[in-house]
Amino acid sequence: MDTTIPDTILNKQLFGDDFAWGVSTAALQIEGAHDADGKGESIWDVFSKKKGKIFGGHHHYTACDFYNCYQRDIDLIKQLNIPNFRFSIAWSRLLPDGTGRVNQAGIDHYNKVIDYCLEQGVEPWITLYHWDLPQALEEQGGWTNRKIVDWFTEYVALCAKSFGHKVKHWMVMNEPTVFTGAGYFFGIHAPGKTGLKNFLPAVHHATLCMAAGGRVLRELLPYAQIGTTFSCSHIEPYSDKARDVKAAQRVDALLNRLFIEPILGLGYPELSVLKGMEKYILPGDRESLQFDFDFIGLQNYTREIVKYSLFTPYIHAKLVEAKKRNVPTTAMGWEVYPESIYYILKQFNAYPQIKKIYLTESGSAFPDELHDGEVNDPERIAYLQQYLQQVLRAKNEGCEVSGYFIWTLTDNFEWAEGYNPRFGIIHVDFETQQRVVKASGRWYADFLK
Ligand code: GAL
C-alpha cells in the first residue's frame with residue numbers, strides 16, 4: 001500500500017521560510033576511530049567490551065568511519081539539499097582524561113569538520129554531550145559525582161573557546177532522561193549502573209550541568225543560540241480507570257517533565273520515586289537548576305500506552321508494548337503514531353517560559369535492503385510525511401515550532417542494538433563503508449529543493 005502523501009499537499013513552503021530543516025547524528029554512533037589521535041576512553045568504549053551488552057557483540061570502533069570520511073558525508077548532506085547538520089563532540093577526544101590535559105588533535109579534528117561544513121554551506125549545530133562520558137570521570141563516579149558540574153563546565157568552556165567563533169547553534173545535552181535512565185537505572189546503556197542510588201544523583205547532577213553549561217555558553221558566546229534537547233513521547237492511559245490514568249501521569253512526569261521543569265524554574269515533578277533525590281539537592285541548587293535557554297530541542301519517535309502495575313517497583317506503572325496492541329511498528333518495536341509529535345508540541349507549547357522549539361530528532365528504523373544498488377524504503381518516507389503533517393497541524397494551530405531534524409543521516413551504531421536497526425536516509429554497508437542514498441533520502445532532497 002502506498003501511504004505517501006503527494007507533494008502538492010506537503011511541501012516545505014507550508015512551514016515558512018525561516019523553518020530550519022536538518023539532519024541529526026551523534027559522535028559515538030558514526031565516528032569510529034575510538035582510539036585515534038590521542039582520544040581517551042569513553043564509557044561506551046568500556047561498556048561495548050562487556051559480554052552480552054550489545055546486540056550481536058557489535059561495537060562502535062569503526063561505525064561509519066565519519067572521523068575519517070567526514071568530507072564524503074558532508075558532501076552528501078549538501079547533495080541532499082539539507083541546510084543544517086547536527087552532530088556531537090566526543091568529550092574524550094578533547095580532554096582524554098575528562099579534565100585537565102587538552103588533546104589538540106581532537107580540537108583540530110572538529111575544527112576541520114566545522115570548516116568543511118561552512119565551506120559547503122551547511123550550518124553546523126553542535127551537541128556537547130551525547131552520552132559518551134570520558135571513562136576517567138566514570139571511574140570517579142561519573143554522573144553520580146557532584147564534581148561533574150566542574151568537569152562539565154570546564155569541557156563546555158573549552159568547546160566554546162575552540163569553536164564558538166564559527167558555530168551559532170549549541171545544544172548542551174542530548175536526552176538526559178535516556179542516558180540517566182538506561183545508563184544509571186536499568187544498566188542497559190553505558191556505564192551499566194543500576195538502581196535509584198545511581199539514578200537519582202545522576203538526574204540531579206545532569207540537570208545542574210545542563211543549566212551550568214548553558215550559563216558558560218551564554219557568558220563566552222553572547223550571540224550564540226543556546227539550547228538543550230529532550231526525549232519525549234505522548235503518554236496515554238491504557239483505560240480510563242483512575243489507576244491507569246494516574247499511572248500514565250506518573251510516567252509522563254518521569255519521561256517528559258523530569259528535566260524540563262527544573263530548568264524552567266518549576267522544580268522537579270512531585271513523584272514518590274524522586275523523594276530520595278532531596279539528599280543530593282544542596283542549598284542554592286533550586287536557583288542553579290534554572291537557565292533561560294534560547295530554544296528547546298524536542299525528540300519524538302512514538303507514543304506510550306501506560307497501565308497500572310502493582311508489581312513494578314517505585315512507579316507502579318508499565319508500558320504496554322506496541323506489539324501487543326496490534327499497531328504498525330518500526331524495527332525498534334516502537335509504534336508508528338504520527339499524532340504523538342502533535343501532542344508533544346502542544347504539551348511543550350503550554351510552558352510559557354519556552355521561547356523556541358526545534359524538533360531535533362524524529363525518524364524511524366526499518367529493515368532496509370540493498371537491491372541492484374537501490375534501497376527502497378517507502379515506510380520511512382510515509383513515516384516522515386505523516387509526522388511532518390502533524391508538525392504542520394500543530395504549527396497551523398499556532399504552536400511554536402521552528403525546525404525539524406531527521407534522525408539520521410546514515411545507518412549507524414544504535415547503542416545497545418548495535419548495527420541491527422537502520423535509521424539512516426543513507427544506507428551504509430559496514431564492511432565496505434559504501435553509501436547508497438535511500439529513496440527516503442532522495443525524497444528529502446526533493447522536498448528541500
Ligand atoms: C535517540 C538518541 C539517538 C538515537 C535515536 C534512535 O534517543 O538521541 O542517539 O539513538 O534515539 O533510537
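Values in this document were obtained by computation on a predicted structure and should not be read as measured data. Every number for a ligand or one of its atoms is a count from 1 in the order of the listing.
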Show the distances, to 0.1 Å, for all pairs joining an N/O atom of ligand 1 and a protein N/O atom that are shorter than 3.5 Å, listing one pair per line.
{"from": "ligand 1", "atom 1": "7 (O)", "to": "E175", "atom 2": "OE1", "distance (Å)": "2.4"}
{"from": "ligand 1", "atom 1": "7 (O)", "to": "E175", "atom 2": "OE2", "distance (Å)": "3.1"}
{"from": "ligand 1", "atom 1": "8 (O)", "to": "H130", "atom 2": "NE2", "distance (Å)": "3.2"}
{"from": "ligand 1", "atom 1": "8 (O)", "to": "N174", "atom 2": "ND2", "distance (Å)": "2.8"}
{"from": "ligand 1", "atom 1": "8 (O)", "to": "E361", "atom 2": "OE1", "distance (Å)": "3.1"}
{"from": "ligand 1", "atom 1": "8 (O)", "to": "E361", "atom 2": "OE2", "distance (Å)": "3.0"}
{"from": "ligand 1", "atom 1": "9 (O)", "to": "Q29", "atom 2": "OE1", "distance (Å)": "2.7"}
{"from": "ligand 1", "atom 1": "9 (O)", "to": "H130", "atom 2": "NE2", "distance (Å)": "2.8"}
{"from": "ligand 1", "atom 1": "9 (O)", "to": "W415", "atom 2": "NE1", "distance (Å)": "3.0"}
{"from": "ligand 1", "atom 1": "10 (O)", "to": "Q29", "atom 2": "NE2", "distance (Å)": "3.2"}
{"from": "ligand 1", "atom 1": "10 (O)", "to": "E414", "atom 2": "OE1", "distance (Å)": "2.8"}
{"from": "ligand 1", "atom 1": "10 (O)", "to": "E414", "atom 2": "OE2", "distance (Å)": "3.3"}
{"from": "ligand 1", "atom 1": "10 (O)", "to": "W415", "atom 2": "NE1", "distance (Å)": "2.9"}
{"from": "ligand 1", "atom 1": "12 (O)", "to": "E414", "atom 2": "OE1", "distance (Å)": "3.4"}
{"from": "ligand 1", "atom 1": "12 (O)", "to": "E414", "atom 2": "OE2", "distance (Å)": "2.6"}

Q.
Could you check whether any side-chain N or O of S88 sits under 3.5 Å from a backbone N or O of A27, counting only pairs where one atom can act as donor and the other as acceptor?
A.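 Pair found, side chain donor or acceptor close to backbone of A27.
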
Q: Scan F87, W125, F85 and name whichever one has a ring pair (Phe, Tyr, Trp, His ring centres under 6.0 Å) with F405.
A: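 Exactly one option meets the ring pair (Phe, Tyr, Trp, His ring centres under 6.0 Å) with F405, and it is W125.
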
(Q) Exactly one of Y184, W143, W131, F179 should register a ring pair (Phe, Tyr, Trp, His ring centres under 6.0 Å) with H189. Which one does? (A)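 Running ring pair (Phe, Tyr, Trp, His ring centres under 6.0 Å) over Y184, W143, W131, F179 with H189 returns exactly one hit, W131.
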
Q: Mind jotting down which residue pairs meet the salt bridge (Lys or Arg N to Asp or Glu O under 4.0 Å) criterion with at least one end in residues 137-148? Sequence neighbours excluded, please.
A: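 Qualifying pairs: E138-K193, R146-D285.
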
Q. How long is the gap from OG1 on T144 to NE2 on H204, to the nearest 0.5 Å?
A.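 Between T144 OG1 and H204 NE2, I get 13.0 Å after rounding to 0.5 Å.
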
Q) Is the number of heavy atoms from other residues, nucleotides or ligands within 6.0 Å of NZ (K395) greater than 12? A)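 Atom NZ in K395 is crowded, with more than 12 foreign heavy atoms closer than 6.0 Å.
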
